[in-house]
Amino acid sequence: MSSKDSRRVELLQGTLDLIVLRALATMGPQHAYGIAARLEQVAEHPFTLNQGTLYPALVRLEQKGWIKGTWQTTETKREAKYYAITKSGTRALGEQTERWRRLAGLVDKLLLNEAE
Amino acid sequence: MAALRRFVWRLVNFLRPGRAEDDLARELASHLALLEDEFRRRAMTAEQARRAARLALGGVEQAKDIHRDARSIMWLDEARRDAGYAVRLLRRNPIMAATAALSLAIGIGANSTIFTVANALLFQPPAGVIEPDRLVDIGTSTKGGGFGNSSYPNYLDLRRRTTTLDGVYAYSLFPQAMSLGGADGTSGAERVFGTYATVNYFTVLGAVPAAGRLFGAGDPPPPASSNTRATTDPPRPGTMSDSEQPGASPIVVLSHRFWTRRFNRDPAVVGRTLTLNGHPFTVVGVASEGFQGTGIRAGDLWVPMSMMAATSPGSSLTIRASAWLLVGGRLKPGVSVARAAAEMNAIGRALELEYPDQNRGTALRLQASSPVPGATVPVALFLALLTAIVLLVLVIACANLAGVLLARAAARRQEIGVRLALGAGRARLVRQLLTETMMLFAIGGAAGLLLARGLTSVLVSLLPALPFPVDVSLALDGRVLLLTTGLVLVAALLSGLAPALQASKADVVSALKNDAQAPARMRLRHGFVLAQMAFSILLVIVAGLFVRALQAAGSSDPGFDPRGVELASVDLSQAGYTSTTGPPFVRELLDRVRAMPDVQRGTIALVLPGGFETQRRALTVPGVTPPDGQRFFGVDWNVVEPEYFATLRIPIAAGRDFGAADRDGTQLVAIVGEGIAREFWPGQSAVGKRLIQQTFGPNGPVANAAKTLVVVGVARDVKASSLIDGLSRSLVYVPLQQQYTPNITIVARTTGGQRIADEIRTLVGTMNPSLPIVSAQTLEDSTSLGLVPQRVAVSVSGSLGLVGLLLAAIGIYGVTAYAVTRRTREFGIRIALGAQRADIIGMVLGQGLWLTAVGSAIGLALAAGASQALAVFLFGVSPIDPVIFGGAAALFTAIGLAACYGPARRATNVDPLVALRHE
């Protein structure tokens with residue numbers, strides 16, 4: 001992977017975790033492919049994110065105990081690992097969202113001041 | 001909380017990577033399958049679907065990589081991988097690994113050994129003692145130097161007067177030999193070493209017993225005498241009133257070692273009665289394991305000071321001039337050593353004024369407690385010297401290793417180039433190369449520690465036999481291990497860093513094409529070889545200088561002939577001899593010794609030249625006034641039997657030796673040394689002059705008890721206790737038959753230098769079975785203690801110098817061989833163009849010689865500096881000894897040439913055709 005990509009991924013690291021958590025909270029338990037598809041759907045532009053880059057985020061969230069993965073079978077009789085948000089994950093989602101909103105608001109205000 | 005969970009998971013995944021790997025593979029496979037299904041739904045063919053799925057997922061290996069980085073601890077993973085590479089590398093080059101590990105083991109082992117000795121002699125806290133850093137030693141110094149013994153009356157006074165110390169104890173200098181009658185009354189006299197100690201000895205040190213009890217309240221001290229100007233102070237807490245009878249507490253405390261060795265740790269020994277010097281003593285307890293006071297001398301048992309009169313008649317607790325005790329104490333809380341030392345100084349001055357005859361010129365010094373009281377600085381200096389030597393060897397070994405690492409890196413240029421091309425960071429590469437170095441050092445370090453055990457025993461065996469037992473615990477304790485590990489890490493970093501940095505700097509393109517190497521690398525390698533040569537030559541020269549010093553000491557005339565003389569000391573008072581029964585026994589003993597078959601000459605004396613013991617007496621000389629307003633002359637004293645001078649080959653310069661006519665009842669006579677004769681009667685013959693010998697009682701000189709001695713002979717002076725400082729001692733000798741002393745040493749010169757210790761022991765045993773030999777050694781051994789530092793330095797630097805020499809030779813060989821390989825193409829061309837063998841050899845040798853010459857020059861310069869710094873140990877040796885320096889230079893040139901020989905020959909055997917095709 002070229003360094004430019006890795007930089008891009010790292011910028012998104014914290015926010016990617018947040019996005020995945022939010023998606024799982026809304027959708028309910030979902031496998032990695034499903035999450036990726038959903039993210040592409042919601043964002044108006046296609047993500048052009050390698051679906052493989054979801055995996056580090058999933059690992060991090062699972063290690064922190066905010067999501068939990070279980071192997072199940074899909075409707076098409078394939079096996080897949082379904083991730084579901086946990087109680088502590090819901091709590092963390094609330095905190096992280098709040099923090100993101102505050103940060104976004106602050107940046108907005110600063111940009112507004114600059115513009116004046 | 002979440003962060004902690006994550007950390008634990010990462011640790012688990014680092015330790016067991018397999019499971020996570022399998023899980024991921026499974027999940028990726030499922031993801032791919034689902035993607036394929038989706039694309040199939042969108043009416044792609046199976047082939048297209050699979051391809052599209054892969055594209056969408058974005059590279060399975062990449063996904064695995066970033067997953068791996070996220071799920072585990074990256075740097076630990078990498079470290080583990082590096083370690084694996086390192087092990088494989090070492091396995092592929094076993095010879096290089098073995099040589100490197102071996103030379104490292106020697107370097108580190110030697111350092112570890114010196115650390116151990118330094119630890120034992122300087123740093124290790126004494127066992128079984130509470131708060132040893134609050135303890136102090138108190139000693140006497142004359143003429144501003146030294147740290148000698150105190151007398152019992154002086155001890156009592158300073159104990160009474162100190163306000164900065166919480167408890168002051170005293171104990172005897174050398175553990176005294178006592179004879180131990182079998183506890184079952186059966187076996188004959190067995191020699192044990194006992195220490196006389198004041199009753200507060202164990203309490204002040206805070207010792208606890210392993211069995212029974214130690215000295216304590218209720219065990220009375222010796223009686224006060226009018227000499228000590230008893231004050232009306234109330235007894236201080238912790239001391240007892242001085243009103244007991246002598247000999248009222250015949251108790252003894254055993255040392256743990258003695259208890260184990262002799263009684264097998266039998267607890268029933270407590271309460272039993274032992275016979276010491278013919279008197280019964282009750283064992284009241286055993287000291288804790290390892291306890292032996294604050295010093296390195298280890299006795300078998302402790303006896304209270306008050307029992308001195310019983311076990312050692314003739315020694316005195318009341319004579320202020322008789323200094324035979326070591327004194328120590330514990331600082332009061334909050335008091336500094338400096339403050340206590342200042343107070344002790346003042347007390348010393350006061351005692352000097354109050355008792356001028358006995359204490360004049362004697363000051364009291366106080367220092368923090370040390371295993372070698374008073375000798376801490378010289379011991380530390382000597383150990384610093386040894387440390388410098390062994391560090392030097394380690395540096396040489398490291399330089400050697402660094403050179404080898406450079407060579408290996410050169411061989412791996414292609415591999416490193418590929419790594420760099422594939423995107424390895426330079427830091428990562430350096431880390432990997434360093435890991436290889438660390439592994440080598442870890443192996444070498446572990447081997448070195450094991451080696452240290454063996455080396456320590458060797459070092460101990462270099463010491464001459466000591467007349468008293470010494471227990472220095474030379475185990476590898478935590479402090480030594482820590483220091484060694486630190487040393488290994490630093491050395492590894494220093495040796496490995498330069499080669500690693502150098503290697504990772506490789507120009508990728510040229511490395512991949514395997515082009516010729518940049519000259520900078522060769523310069524670095526040359527630098528390492530030069531360093532090795534310089535330090536090796538330095539070591540060898542230092543060893544040579546010490547050999548010279550030993551030679552000088554040996555050849556300087558000590559004034560007597562110490563070779564081939566056997567000594568055996570006995571204490572006649574231990575078998576109950578008195579001043580009436582003693583002299584005839586001595587006469588008979590001497591006759592029998594002289595009659596022994598291997599004995600050339602025999603005599604008996606109180607003190608021997610070159611030993612540690614001195615006796616002093618006060619004299620007045622009619623017509624001569626002592627200097628400095630003193631009342632008496634203080635002279636060194638010896639009590640001898642006839643033929644003392646002949647046995648030791650001390651020339652008699654004037655007059656005669658003692659004879660059979662000089663006995664009890666006839667005119668008291670003396671023989672004086674030349675120095676004394678010159679001092680008292682300059683320019684005149686001393687023979688016929690008179691000396692007045694004073695007798696001292698508790699209150700000073702006893703009137704009307706002075707003895708007049710007539711000088712009948714003058715003897716050459718002998719060298720004092722350290723043969724190297726060149727000081728002569730002048731003594732006054734008197735005949736034993738006129739001035740009996742129970743502490744005598746049998747001196748026997750053998751016909752062929754044989755050891756006859758056992759025969760003497762048997763002889764004494766047949767004459768009196770309850771008279772044990774206190775100590776037996778040769779005169780050479782007893783005089784050689786002063787030369788121990790030089791001896792040890794010679795052995796250490798000599799053997800390590802040879803190791804360094806070997807390593808340097810290997811270094812030169814390696815560099816030259818490599819240079820030849822590199823220049824193979826060049827040599828091929830030269831030969832093809834008509835160069836002769838001699839020319840090629842000349843070129844190769846030229847490079848090797850250049851290295852040798854420059855390295856030797858640097859080393860010689862360093863050695864010149866070192867010999868100036870070491871001047872204090874090198875008495876009698878000129879700083880730039882031409883033989884040593886020239887010899888070392890010649891030796892190293894020869895070695896350098898020899899090392900180049902092999903590669904040079906190989907260079908000439910190059911087939912030009914092969915060479916030209918050589919890459």
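So that the names make sense, note that chain A is the first sequence line, chain B the second, and so on, each numbered from 1.
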Legend entry - B:R40 CZ: over 12 foreign heavy atoms closer than 6.0 Å: no
Legend entry - Atom CZ of A:R22: over 12 foreign heavy atoms under 6.0 Å: no
Inset, instruction - With rounding to the nearest 0.5 Å, note down the distance linking CG in B:L24 to NZ in A:K81. - result: 9.0 Å
Inset, instruction - Please round to the nearest 0.5 Å and tell me the distance separating atom CD of A:E79 and atom CD of B:E27. - result: 10.0 Å
Inset, instruction - Kindly check if the number of other-residue, nucleotide or ligand heavy atoms within 6.0 Å of CZ (B:R426) is above 12? - result: yes
Inset, instruction - For the residue pair A:Y55 and B:H31, categorise the inter-ring angle as parallel (less than 30°), tilted (30 to 60°) or perpendicular (more than 60°). - result: tilted
Legend entry - Separation of B:L32 CG from A:Y33 OH (nearest 0.5 Å): 11.5 Å
Inset, instruction - Would you mind reporting whether A:K64 and B:R5 have side-chain heavy atoms less than 4.5 Å apart? - result: no
Legend entry - Greatest number of heavy atom pairs closer than 4.5 Å to chain A - which of B:R10, B:R26, B:R68, B:E38: B:R26
Inset, instruction - Mind checking the CZ-OG1 spacing from B:R41 to A:T76? Nearest 0.5 Å is all I need. - result: 10.0 Å
Legend entry - A:H31 NE2 to B:S30 OG distance, which is reported to the nearest 0.5 Å: 7.5 Å
Inset, instruction - Look at A:S88, A:G69, A:A92, A:G65 and state which one has the largest set of heavy-atom pairs under 4.5 Å with chain B. - result: A:G65
Legend entry - Any B:V8 side-chain heavy atom under 4.5 Å of A:Q63 side chain: no
Inset, instruction - Please indicate whether A:W71 has more than 12 foreign heavy atoms, meaning atoms of other residues, nucleotides or ligands, lying under 6.0 Å from its CH2. - result: yes
